[in-house]
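Below is one structure, written out as structure tokens; the observations come after it.
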Amino acid sequence: MAELTAEPTSSATSVAAASWKRTINSGDLRDTHVGQTVTVNGWASSVRDHGGVTFVDLRDRTGIVQIVSDPSRNNYSEAAHTEAGKVKSEFCLSVTGVVVPRLVGKENPNLPTGAVEIEVTEIEILNPCRALPFQLDDANVNEEARLKHRYLDLRRPVMYDKLRLRHEVVRAVRQFLYAENFLEIETPILTKSTPEGARDYLVPYRLDPGKFYALPQAPQQFKQLLMVSGMERYFQIAKCFRDEAQRADRQPEFTQIDLEMSFVTQEDVLSLVERMIIAVVESVGTKTVLKPFPRFTYDEAIARFGSDKPDIRFGLELTDCGDLLAETAFAVFRTTLDNGGQVKAIRYPGGAKLPRSGMDELGERAREFGAKGLAYFLVDEEKTATKGPLAKNLTDAEKSAIIEKVGAEPGDLVAFVADSKETTAKVLDRLRRLIGERLGLTSKDTLAYCWIIDFPVFEPDENGGWTFAHNPFSMPKGNDMRLIDTDPAAMRAQCYDLVCNGYEAASGSVRIHKPDIQRAILQKMGLTEEQIAARFGHMLEAFAFGAPPHAGIAPGLDRLVMLLTDDENIREVIAFPKMGGGYDPLMDAPSEVDAKQLAELGLVIKETKKA
RNA sequence: GGAGGUGUAGCUCAGUCGGUUAGAGCGCCGCCCUGUCACGGCGGAGGUCGCGGGUUCGAGCCCCGUCAUCUCCGCCA
């Protein structure tokens with residue numbers, strides 16, 4: 001930490017006098033201000049000292065204006081010139097001077113303020129700045145360094161713009177929901193652990209050692225209780241906490257636009273959120289949002305795209321070839337179909353021109369994604385397939401029927417995956433996205449939203465029982481409760497996800513508001529009466545007091561902003577994000593605590609970690 | 001938990017087949033410079049090659065281990 005160079009010092013000793021206060025924002029200066037004496041506050045973005053003439057680019061959050069000290073000019077001040085000579089990068093300054101037009105031919109068309117400059121008459125170094133750990137104008141800096149000095153990283157205009165855009169999104173959300181008569185209500189951060197779903201962050205309880213609060217994975221239960229309370233329309237910009245492995249689009253703490261409504265149907269929620277998203281995206285104005293949002297059932301999404309979060313900016317849908325191959329003699333397909341698996345195909349437009357290595361890479365990727373292999377053939381000019389590993393294994397009739405059904409054109413590559421329904425979907429989803437990206441079909445200027453509805457209520461768990469496929473509080477559709485004992489896998493829930501460009505953008509459902517249904521669902525998932533009572537007793541009891549029908553949803557704020565800023569990493573749109581293991585290099589958190597604190601909590605650390 | 005990538009100056013990186021004193025650009029420090037806007041010129045400082053061990057006459061480079069970080073898989077109601 002010790003700096004070898006001396007700390008720069010400021011000549012300013014008095015901050016009591018307010019002569020340094022700004023009279024105008026740097027970025028607002030135009031030729032209409034010429035002749036005015038102004039004071040600007042900000043940071044030295046760049047200093048250019050010619051020995052005689054000195055320039056300082058002064059930056060505040062509104063922009064940059066050029067400060068000049070030139071001995072040949074009328075407003076020249078010897079004292080200000082001396083002070084300006086001390087200024088270095090990122091010094092915090094107050095500059096007073098006269099706005100003048102720039103010399104003819106010296107205007108800077110790259111700056112909005114480039115027609116003018118400030119001839120400095122007074123300059124006060126509000127605070128000097130030591131040598132920077134990285135250069136703020138370097139767009140490619142080690143992320144750990146950026147996060148360790150995040151306050152400097154955030155000085156970069158590009159980062160200010162991101163946080164500003166995030167702010168505009170939040171403002172637009174609030175404006176929209178206020179107009180729709182939602183109440184903004186806060187819910188607790190210290191709450192109860194309910195061990196379903198993700199791992200909880202726990203907070204030890206001092207007054208009764210051995211007990212813990214949990215940080216909420218979402219305000220789910222509270223918002224439902226608020227419906228029981230008659231709030232009718234609730235929302236919150238809510239922090240959520242999940243102790244799970246991170247990803248580029250996942251942080252241990254993240255923000256949801258959490259909302260819930262009473263006396264509404266699924267349709268009401270979908271329509272409201274669709275209007276909200278469109279209003280927000282269009283108010284920010286950086287992207288084109290396609291509307292209306294198409295809707296796919298879960299089954300349809302899996303069948304057509306292999307995914308319940310399809311990127312629908314492009315087609316290249318999957319084609320089930322099972323019926324066309326009913327009589328096939330090709331052993332791989334034959335066996336798969338006989339065992340109840342699927343054979344599905346995807347076309348790769350122009351893929352026949354790929355070099356051999358490009359085709360091999362497809363196969364490698366398919367294996368990475370879980371396929372045993374990747375079969376393909378190439379479509380030639382006569383719309384027949386004579387090339388590719390699969391060409392010889394299928395009859396001409398089979399090939400032409402497939403080419404027809406897939407919609408393949410001459411020059412296409414048609415790739416096949418033969419496997420279980422799940423693996424086929426998963427692999428072809430990945431291949432589809434890979435092909436879409438390779439072909440440049442994923443324009444970032446377009447936000448292609450879609451709704452995925454009718455999720456299964458249950459899916460098989462690892463132990464041969466059932467777990468919830470989506471959310472344990474989701475109301476089954478129509479009469480589907482009748483199937484709970486006979487065919488639970490066939491039950492569908494009034495669940496919905498909003499998907500955008502292949503990202504899950506929101507998730508919600510019509511909730512169960514009747515205690516007996518909720519109890520039956522939880523029992524089916526293998527919870528005992530005791531477990532139900534301990535974990536959900538308060539919910540079931542609340543529902544017994546005249547709970548209204550209600551439904552809700554929670555769009556993820558971070559991902560929405562990330563899509564609007566073209567970032568592929570959620571950390572870019574969070575002021576103070578965490579690194580991989582949940583570590584915060586700026587605060588150096590998490591950290592060890594005093595033995596006294598541990599003792600108060602009744603905690604003993606069993607093993608010391610690696611040195 | 002698993003796989004892959006990365007780790008060399010403050011930052012971004014190069015470093016050949018294992019060879020003598022580990023380089024560049026930017027930044028930093030000093031001097032010079034009267035119209036620049038990524039100013040320019042000259043000079044200088046700055047290195048535990050992530051860490052530990054091994055192979056070798058010799059390791060930034062090869063081997064083993066380990067740590068950190070990024071991405072992906074698992075995981076994420």
Side-chain angles (χ1 to χ4, degrees), chain A residues 3-6 8 45-59 64-73 76 81 88-90 102-111 113-114 117 119 130-149 152 194-200 216-218 220-221 240-252 254 365 368-370 426 430 455 457-459 461-462 467-474 493 495 504 507-509 521-522 525 535-536 554 556 568-569 571 579-581 583 585 609-611:
Chain A
E3 295 289 315
L4 296 178
T5 52
S45 185
S46 134
V47 181
R48 297 177 293 280
D49 185 349
H50 291 245
V53 178
T54 299
F55 300 97
V56 175
D57 282 348
L58 189 94
R59 182 196 70 246
I64 284 177
V65 67
Q66 175 163 280
I67 310 296
V68 61
S69 178
D70 182 342
S72 70
R73 309 282 291 178
Y76 179 71
H81 191 78
K88 293 174 199 165
S89 254
E90 295 304 313
R102 291 204 186 185
L103 301 184
V104 175
K106 301 299 181 185
E107 302 87 355
N108 185 345
N110 299 320
L111 285 180
T113 63
E117 59 193 358
E119 285 187 357
R130 65 162 68 158
L132 297 166
F134 54 88
Q135 288 154 256
L136 302 192
D137 58 1
D138 188 344
N140 176 32
V141 178
N142 175 286
E143 193 175 14
E144 186 167 355
R146 289 176 57 202
L147 293 183
K148 187 174 171 72
H149 300 277
L152 293 177
T194 55
E196 286 70 36
R199 194 178 292 115
D200 284 322
Q217 297 182 22
Q220 181 67 33
Q221 296 189 33
C240 306
F241 306 86
R242 295 177 193 177
D243 185 3
E244 292 293 343
Q246 289 183 225
R247 284 286 187 279
D249 62 349
R250 294 204 316 238
Q251 279 272 296
F254 58 99
R365 299 297 291 271
E368 272 172 40
F369 298 144
K426 187 170 162 184
R430 302 304 178 97
F455 281 78
V457 175
F458 296 111
E459 62 186 21
D461 70 11
E462 306 103 46
T467 184
F468 47 90
H470 193 274
N471 170 324
F473 307 111
S474 302
C495 279
E504 183 185 309
S507 187
S509 64
I521 297 282
L522 294 171
M525 292 177 354
R535 296 177 196 171
F536 302 105
E568 285 176 3
N569 191 312
R571 294 187 293 273
M579 298 201 306
Y583 178 64
K609 279 194 308 182
K610 62 254 179 181

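Keep in mind it's a predicted model, so treat the numbers as computed, not measured. Every chain is numbered from 1 and lettered A, B, ... according to where its sequence line falls, protein lines coming before strand lines.
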Practice problem: Measure from CZ on A:R247 to P on B:G1 and round the result to the nearest Å. | Solution: 14 Å
Self-check item: Criterion salt bridge (charged side-chain N to carboxylate O under 4.0 Å, His left out) on A:R571 and A:E143, from CA distance to verdict
Solution: CA-CA 10 Å; A:R571 294 187 293 273; A:E143 193 175 14; 2.6 Å; yes
Quiz item: Side chain of A:F134: nearest nucleotide among B:C70, B:G74, B:C11?
Solution: B:C11
Quiz prompt | Any donor-acceptor N/O pair, A:E459 side chain to A:T467 backbone, under 3.5 Å | solution = no
Quiz item: Contact class for A:R535 vs. all strands (heavy atom < 4.0 Å): base, sugar-phosphate, or nothing?
Solution: nothing
Self-check item: d(CG, A:D200; C1', B:C75) in whole Å
Solution: 15 Å
Self-check item: A:R102 CZ - B:C37 C1' separation (whole Å)
Solution: 7 Å
Quiz item: From the list B:C37, B:C76, B:C11, which nucleotide is the closest neighbour of the side chain of A:D57?
Solution: B:C37
Practice problem: Please figure out whether A:D137 or A:G580 has its closest RNA chain B nucleotide nearer the 5' end. | Solution: A:D137
Quiz item: Base, sugar-phosphate, or nothing: which does A:N142 touch, judged by heavy atoms less than 4.0 Å apart?
Solution: sugar-phosphate
Quiz item: Where the side chain of A:L111 is defined as all heavy atoms beyond and including C-beta, which of B:C37, B:G10, B:U12 is the nearest nucleotide?
Solution: B:C37
Exercise. State which of B:G74, B:U69, B:C37 makes the closest approach to the side chain of A:E144.
Key: B:U69
Self-check item: Set of ring pair (Phe, Tyr, Trp, His ring centres under 6.0 Å) partners for A:F455, sequence neighbours left out
Solution: A:Y298, A:H470
Quiz item: A:V47 or A:V141: which one's nearest nucleotide on RNA chain B is closer to the 5' end?
Solution: A:V141
Exercise. Output the single nucleotide from B:G74, B:C28, B:U36 whose closest atom is nearest the side chain of A:Q66.
Key: B:U36
Quiz item: Within less than 4.0 Å of OP1 or OP2 of B:U71, is there a side-chain N or O belonging to A:N569?
Solution: yes
